[in-house]
There are 2 protein chains.
Amino acid sequence: MTVTTGGRSTRGGDAGARIAEQLRGRILRGEVPPGTRIRQEDVAAQFGASRVPVREALRILEHDGLVTLVANTGAWVSRLTLAECDEIYQMRERLEPLLLRLSAPHLTEADLDDLQRLAERMSETSDVDEFLELDRAFHLGAYRGATTTQLGELVVKLWNTTQPYRRAYSRSMGADAARIVHDEHHLIVADLRDGDVDDAERVLAGHIRRTRRRLSRHPELFEALQA
Amino acid sequence: MTVTTGGRSTRGGDAGARIAEQLRGRILRGEVPPGTRIRQEDVAAQFGASRVPVREALRILEHDGLVTLVANTGAWVSRLTLAECDEIYQMRERLEPLLLRLSAPHLTEADLDDLQRLAERMSETSDVDEFLELDRAFHLGAYRGATTTQLGELVVKLWNTTQPYRRAYSRSMGADAARIVHDEHHLIVADLRDGDVDDAERVLAGHIRRTRRRLSRHPELFEALQA
DNA sequence: CTAGACCCGATTGCATCCAATCGGAACCCT
DNA sequence: AGGGTTCCGATTGGATGCAATCGGGTCTAG
């Protein structure tokens with residue numbers, strides 16, 4: 001499993017995929033908040049293309065869950081309700097332990113060292129954007145050993161769609177909550193070193209469940225973005 | 001969760017979605033086997049449309065996992081390797097019990113009666129196509145109570161992509177294997193009636209796992225379709 | 001003054017036309 | 001004769017232009 005921003009590998013000559021990739025990046029970096037309208041002509045002008053590949057890009061992003069299309073009306077950056085976000089976290093809670101199980105046997109010592117370093121850097125930073133990036137790199141890095149085709153992509157998609165809310169939540173996260181997160185990260189690395197996949201699965205499931213519970217206590221994050 | 005063939009609801013004025021819906025039906029009914037090439041112009045002529053909406057339809061089906069696109073080359077009905085199919089079943093094994101858990105509390109007595117009838121009809125039929133249809137109706141029917149947005153669609157997608165192989169496998173399924181399948185179906189209904197969601201989850205997970213194990217003993221189903 | 005219908009601008013959806021790319025076949029060279 | 005190369009047809013990809021649809025503003029009637 002090799003992932004960068006999480007999109008398909010850009011196929012040569014396919015402008016739609018290239019445009020989708022760019023737009024995806026903007027959304028994930030938070031430059032375009034949920035609810036923002038996306039006009040085809042604007043995007044086309046920006047990329048020096050016609051509206052045809054733009055529509056293909058929007059279709060791609062729709063199925064990535066990042067954009068919502070309404071026929072004859074337009075496209076918007078997707079918004080999640082608290083219930084939908086909760087649902088996605090429940091899916092992650094079941095799927096990511098499986099993905100970790102499939103990955104664990106193929107992780108090298110170097111991979112584990114990388115994970116450890118990421119976990120440590122995460123404990124030290126106070127910058128939200130850096131934290132988000134490291135967190136993503138840590139978790140997806142733990143899945144590097146998996147040779148899956150569907151599951152890996154799906155997990156990335158689930159991370160992507162919830163990214164704006166994870167960002168908003170991270171800003172208001174207290175030091176105590178952060179401490180637990182870091183401890184869990186280190187626990188997972190320790191389990192992987194010990195070859196205790198069962199416990200790694202358990203810790204990871206708990207890690208995701210805990211985050212889900214905390215998120216659901218902040219409904220204002222979802223209402224605030226409904227502007 | 002309300003599902004018919006599993007596609008998005010056809011939006012008025014969106015030819016791409018309508019065409020996708022039709023093509024999806026053909027693939028799922030087995031009229032177009034995996035590996036078949038799909039030429040844009042053929043489809044366009046068949047639907048009396050231009051190639052533009054056809055390309056949109058293909059893009060939709062690509063993300064449904066039913067069609068594989070290669071830039072500047074063409075589109076084919078997707079093929080799965082045994083490993084990919086196994087992976088999808090592992091995903092189902094984790095996701096469907098969750099979906100059942102979310103659905104169970106909202107199932108009415110009438111829903112349960114429907115499930116029971118489906119399970120019984122399934123025990124009686126010997127026609128493969130009817131069995132497939134009933135099996136699908138049973139499982140997806142059990143999820144009718146869930147109000148999920150993402151999970152339900154995903155499960156339908158996983159069913160759809162593995163449909164051709166389930167069909168091929170069903171043809172060669174012995175009476176003993178069928179008996180176990182039917183018993184598990186009835187067990188699930190009984191658990192749902194008892195309100196024992198935990199056990200229903202377990203039986204369902206085992207049901208899917210068993211099918212996965214049996215499928216993986218028939219690699220010829222995947223090679224045979226590589227023609 | 002408010003509720004409803006109408007109309008028009010803005011935007012999306014689709015068809016047609018042209019350009020770019022790939023696969024295959026014939027050809028040439030070794 | 002076999003392998004590599006070059007050309008060409010078939011097919012996909014993208015741009016332009018026109019038709020269809022939706023939302024907002026205005027005008028009218030109650």
Side-chain angles (χ1 to χ4, degrees), chain A residues 7-24 26-27 32-79 226-227, chain B residues 7-24 26-27 32-79 226-227:
Chain A
R8 69 201 59 253
S9 60
T10 302
R11 299 177 294 213
D14 192 334
R18 267 198 307 272
I19 295 175
E21 190 89 13
Q22 298 290 322
L23 291 179
R24 192 198 331 269
R26 291 188 197 171
I27 295 173
V32 190
T36 308
R37 175 153 190 189
I38 304 176
R39 262 178 285 270
Q40 298 180 1
E41 204 137 5
D42 293 355
V43 179
Q46 254 174 312
F47 287 92
S50 119
R51 278 172 35 224
V52 177
V54 171
R55 291 189 51 192
E56 287 216 8
L58 294 178
R59 245 337 156 193
I60 292 172
L61 294 174
E62 181 194 23
H63 281 83
D64 282 355
L66 293 176
V67 160
T68 301
L69 292 179
V70 180
N72 291 318
T73 305
W76 288 264
V77 178
S78 290
R79 267 193 304 228
Q226 301 284 340
Chain B
R8 69 201 59 254
S9 61
T10 301
R11 299 179 291 216
D14 192 335
R18 265 199 307 273
I19 294 174
E21 190 89 15
Q22 297 291 322
L23 290 179
R24 193 198 330 269
R26 290 186 198 172
I27 295 173
V32 191
T36 307
R37 176 152 188 191
I38 304 175
R39 263 179 286 270
Q40 297 180 2
E41 203 136 5
D42 292 355
V43 179
Q46 254 174 310
F47 287 94
S50 121
R51 277 171 37 222
V52 177
V54 171
R55 289 185 52 190
E56 288 216 7
L58 292 178
R59 199 59 101 168
I60 292 172
L61 294 174
E62 181 193 23
H63 281 84
D64 282 355
L66 294 177
V67 161
T68 302
L69 292 178
V70 180
N72 291 318
T73 303
W76 288 264
V77 178
S78 291
R79 266 195 304 228
Q226 301 283 341

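Proteins get letters first, then strands, A, B, ... in listed order; numbering begins at 1 in each. These figures come from a predicted structure and were not determined experimentally.
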Specify the closest pair of heavy atoms between B/Ser78 and B/Thr68, including all atoms of both residues, with the distance to one decimal.
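In terms of heavy atoms, the two residues are closest at OG-OG1, 2.8 Å.
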Which of residues 40-58 of chain A sit near DNA chain C, with a heavy atom under 4.0 Å from it?
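A/Gln40, A/Arg51, A/Arg55 - these, ordered by number, are the residues of the stretch whose heavy atoms sit under 4.0 Å from the strand.
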In whole angstrom, what separates [X]'s [atom1] from [N]'s [atom2]?
X: A/Arg59; N: C/dC14; atom1: CZ; atom2: C1'; result: 13 Å
X: B/Arg37; N: D/dT11; atom1: CZ; atom2: C1'; result: 7 Å
X: A/Asn72; N: D/dT21; atom1: CG; atom2: P; result: 7 Å
X: A/Asp14; N: D/dA15; atom1: CG; atom2: P; result: 12 Å
X: A/Arg39; N: C/dT11; atom1: CZ; atom2: P; result: 5 Å
X: A/Ile60; N: D/dG13; atom1: CD1; atom2: P; result: 11 Å

I would like to know whether B/Leu66 and B/Leu23 meet side chain to side chain contact (heavy atoms under 4.5 Å, CB included); could you show each step before the answer?
CA-CA 10 Å; B/Leu66 294 177; B/Leu23 290 179; over 6 Å; no
Quick test of your reading of the model: are B/Glu21 and B/Arg18 salt-bridged, counting only N-O distances below 4.0 Å?
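No salt bridge links B/Glu21 with B/Arg18.
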Could you tell me whether A/Arg59 and A/Glu56 have a side-chain N and a carboxylate O separated by less than 4.0 Å?
no
Any donor and acceptor pair, going by atom type alone, linking the side chain of B/Thr73 with main-chain N or O of B/Ala71 inside 3.5 Å?
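At least one qualifying donor-acceptor pair exists.
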Looking at A/Glu41, I want to see if its CD is surrounded by more than 12 non-hydrogen atoms of other residues, nucleotides or ligands under 6.0 Å.
no
